[in-house]
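Numbers restart at 1 for each chain; the letters A, B, ... are given by sequence-line order, proteins then strands. None of the values given here were measured: they were computed from a predicted structure.
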Amino acid sequence: MLQVAFIRENKELVVERLAKRNINAVEMINNVITFDEDRRRLQAELDTTLAESNRLSKEIGNLYKSGEVEKANVLKEKTSLLKDTSKELSELLGSKTEALTELLYKIPNIPNEMVPRGNSELDNEEVFAAGTVPKLHDKALPHWKLAKKYDIIDFELGNKITGAGFPVYKGKGARLQRALIAYFLDKNTAAGYTEYQLPLLVNEASGIGTGQLPDKEGQMYHVTEDNLYLIPTAEVPGTNIFRDVVLSESELPVCITGYTPCFRREAGSYGAHVRGLNRLHQFDKVEIIRVEHPSESYKALDGMVDHVKDILKDLKLPYRILRLCGGDTSFASALTYDFEVFSTAQDRWLEISSVSNFETFQANRLKLRFKNSEGKNELAHTLNGSSLALPRVLAGILENYQTEEGIVVPEVLQPYTGFSIIN
RNA sequence: GGAGAAAUGGCAGAGUGGUCGAAUGCGGCAGUCUUGAAAACUGUUGAGGGUCACACCUCCGGGGGUUCGAAUCCCUCUUUCUCCGCCA
């Protein structure tokens with residue numbers, strides 16, 4: 001959520017930057033400003049009324065003490081009038097504040113100036129590429145066929161137990177999953193991230209804190225009986241650790257990592273893009289989350305990008321990095337880099353990581369602040385990234401490492417799998 | 001799931017209708033003393049709104065109510081603790 005004071009003082013900038021997302025924000029922004037003016041005016045009126053009523057109440061107390069009951073009763077009547085007024089005002093104020101908040105919830109973060117203007121993934125900017133695309137043998141297969149051939153992932157069984165998008169990993173497939181999780185976590189902790197195990201269900205306040213609610217509830221599985229949501233990413237419980245928290249400056253940066261399954265309804269997805277592991281309702285992901293001093297957050301973002309690069313270099317997968325355009329940058333993000341692995345057998349790029357700086361957008365909702373050098377509370381910056389999402393990394397490994405003898409396990413994973421080939 | 005107790009500032013903990021945004025202790029910050037540090041002493045130290053700055057308003061787990069007036073009384077929800085039951 002953007003800060004009203006910021007919008008008020010940087011109206012042109014906000015409109016101009018939101019245009020990168022192809023949003024004409026003029027009307028919204030004007031509404032924010034007038035709603036806020038109304039809100040402040042009502043607040044001032046209410047405050048004056050309450051001040052008067054507080055003053056009279058004190059006087060009544062004193063009159064009772066000195067036995068002047070009649071005088072006190074006269075004042076009581078006055079206060080009951082004030083009470084009506086203040087009730088009215090506070091109702092008006094309440095609805096104005098609510099309208100303002102609702103409006104603010106609908107305004108996405110303003111993109112960083114580096115973000116290219118654009119509408120779709122076609123406008124994303126490739127900023128880096130590395131690794132070599134392997135030359136596969138003639139009988140090379142896409143991962144879903146490999147999974148069946150070697151009996152390591154059973155999609156049909158998942159269909160039976162739950163439904164589409166809930167695969168069952170078996171034998172070496174399951175072991176490879178566990179190896180990837182352990183390897184990613186080790187890599188992240190070695191880089192200074194503290195490992196957390198987080199709840200997989202979150203309450204409404206947490207959903208609002210990171211921006212999934214109120215608008216995107218359709219993307220989360222909702223346990224209505226208890227009003228809890230299955231997490232779509234560890235970002236939600238991980239970042240909500242810091243909801244309503246004031247950190248001291250010396251505690252920054254906070255770096256945490258965690259493995260969780262992720263649950264996404266993916267309403268509206270269809271076709272070849274959801275084949276096999278490409279898009280699932282339940283998948284595993286290791287996430288990195290940082291809370292940063294505002295002056296350090298972009299350096300931290302670069303650091304996170306380098307960290308993910310390092311992992312992909314270890315895994316020897318061909319990949320590229322995209323700087324997302326305005327239209328493709330998620331609602332809460334100011335700048336996002338996507339990592340994509342090239343799936344040789346499918347001849348397409350698969351998104352495996354998304355690293356973002358949210359600046360104060362989440363922190364404002366979360367009330368995540370730190371005490372700055374002047375002793376004032378200041379909103380911190382939050383960042384997060386996948387390090388990494390498992391299914392498409394697995395797809396990339398299966399497809400790029402396939403040989404006629406079987407699927408070779410990347411060297412760095414072998415200590416974790418205990419085997420070097422799947423055949 | 002049943003019965004009982006509790007929730008107050010960074011922490012501990014007082015406060016049962018007005019003088020309470022809240023005693024006291026610890027912690028934090030600043031100063032005195034000291035070559036420096038520690039100790040001791042002195043001062044200071046919650047958040048949000050609002051204002052050029054003050055004033056002023058709101059907040060004692062969340063929400064609602066009683067009252068001229070609520071941290072304090074009532075209702076409700078949540079959480080924690082103790083006991084019982086169940087259980088990986």
Give me the distance, rounded to whole Å, that separates [N] from [M] when you measure between the [atom1] atoms they each carry.
N       : M       : atom1 : value
rG61(B) : rU79(B) : C1'   : 8 Å
rA23(B) : rU44(B) : P     : 13 Å
rG10(B) : rG27(B) : C1'   : 7 Å
rG15(B) : rC68(B) : P     : 28 Å
rC29(B) : rU16(B) : P     : 34 Å
rG62(B) : rG4(B)  : P     : 24 Å
rA71(B) : rC59(B) : C1'   : 11 Å
rG25(B) : rG18(B) : C1'   : 28 Å

Test side-chain hydrogen bond (donor to acceptor under 3.5 Å, both in side chains) applied to Asp302(A) - qualifying residues, sequence neighbours left out: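 Partners of Asp302(A) by the side-chain hydrogen bond (donor to acceptor under 3.5 Å, both in side chains) criterion come out as none, since no residue qualifies.
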Between C1' of rG62(B) and CZ of Arg243(A), the distance in whole Å: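 Rounded to the whole Å, the gap is 12 Å.
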Distance, rounded to the nearest Å, where Lys65(A) contributes NZ and rG17(B) contributes C1':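 Those two atoms, NZ and C1', are 11 Å apart.
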Can you list every salt bridge (Lys or Arg N to Asp or Glu O under 4.0 Å) pair that touches [range], not counting sequence neighbours?
range                       : value
residues 359-373 of chain A : none
residues 27-39 of chain A   : Arg8(A)-Asp36(A), Asp36(A)-Arg39(A), Asp36(A)-Arg40(A), Asp38(A)-Arg41(A), Asp38(A)-Lys96(A)
residues 232-261 of chain A : none

Now, which nucleotide makes the Watson-Crick or G-U wobble pair with [N], with each of the two distances under 3.5 Å?
N       : value
rA71(B) : none
rA30(B) : rU42(B)
rA37(B) : none
rG25(B) : rC11(B)
rA6(B)  : rU79(B)
rA55(B) : none
rG1(B)  : rC84(B)

Partner of Val341(A) under side-chain contact (heavy atoms from CB on, under 4.5 Å), chosen from Ile352(A), Val393(A), Ile397(A), Leu388(A):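 Going through the options one by one, the only one that passes is Ile352(A).
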Annotated protein contacts, base or backbone, on nucleotides 47-56 of chain B with a non-hydrogen cut-off under 4.0 Å, one of B, S, - each: SSBSS----S
Where protein sits on nucleotides 64-80 of chain B, one letter per nucleotide: B base, S sugar-phosphate only, - none, heavy atoms under 4.0 Å: ---BBS-----------
Contact list for residues 189-205 of chain A, test side chain to side chain donor-acceptor pair (under 3.5 Å), sequence neighbours left out: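 Found Tyr193(A)-Arg290(A), Asn203(A)-Ser206(A), Glu204(A)-Asn227(A).
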Sidechain N-carboxylate O distance under 4.0 Å for Glu287(A), Lys285(A):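 Yes, Glu287(A) and Lys285(A) are salt-bridged.
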Lys/Arg-Asp/Glu bridge criterion (N-O < 4.0 Å) met for Asp84(A), Lys87(A):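 Judged by the 4.0 Å cut-off on N to carboxylate O distance, Asp84(A) and Lys87(A) do not form a salt bridge.
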Residues in contact with RNA chain B, drawn from residues 199-211 of chain A - heavy-atom cutoff 4.0 Å: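 Here the set is empty: none.
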Pairs flagged by ring pair (Phe, Tyr, Trp, His ring centres under 6.0 Å) wherever residues 224-262 of chain A is involved - sequence neighbours left out: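 Passing the test, one end in residues 224-262 of chain A: His222(A)-Tyr229(A).
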Those residues that, when tested against Tyr337(A), pass ring-ring contact (aromatic ring centres under 6.0 Å, His included) (two or more places apart):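 Listed in chain order: nothing, the list is empty.
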Test ring-ring contact (aromatic ring centres under 6.0 Å, His included) applied to Phe370(A) - qualifying residues, sequence neighbours left out: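 Once residues adjacent in sequence are excluded, the partners of Phe370(A) under the ring-ring contact (aromatic ring centres under 6.0 Å, His included) criterion are His293(A).
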Result block: side-chain N/O donor-acceptor pairs under 3.5 angstrom for residues 155-174 of chain A, not counting sequence neighbours:
unit_1	atom_1	unit_2	atom_2	d
Lys170(A)	NZ	Asp151(A)	OD1	3.0
Lys170(A)	NZ	Asp154(A)	OD2	3.2
Lys172(A)	NZ	Ile421(A)	O	3.1

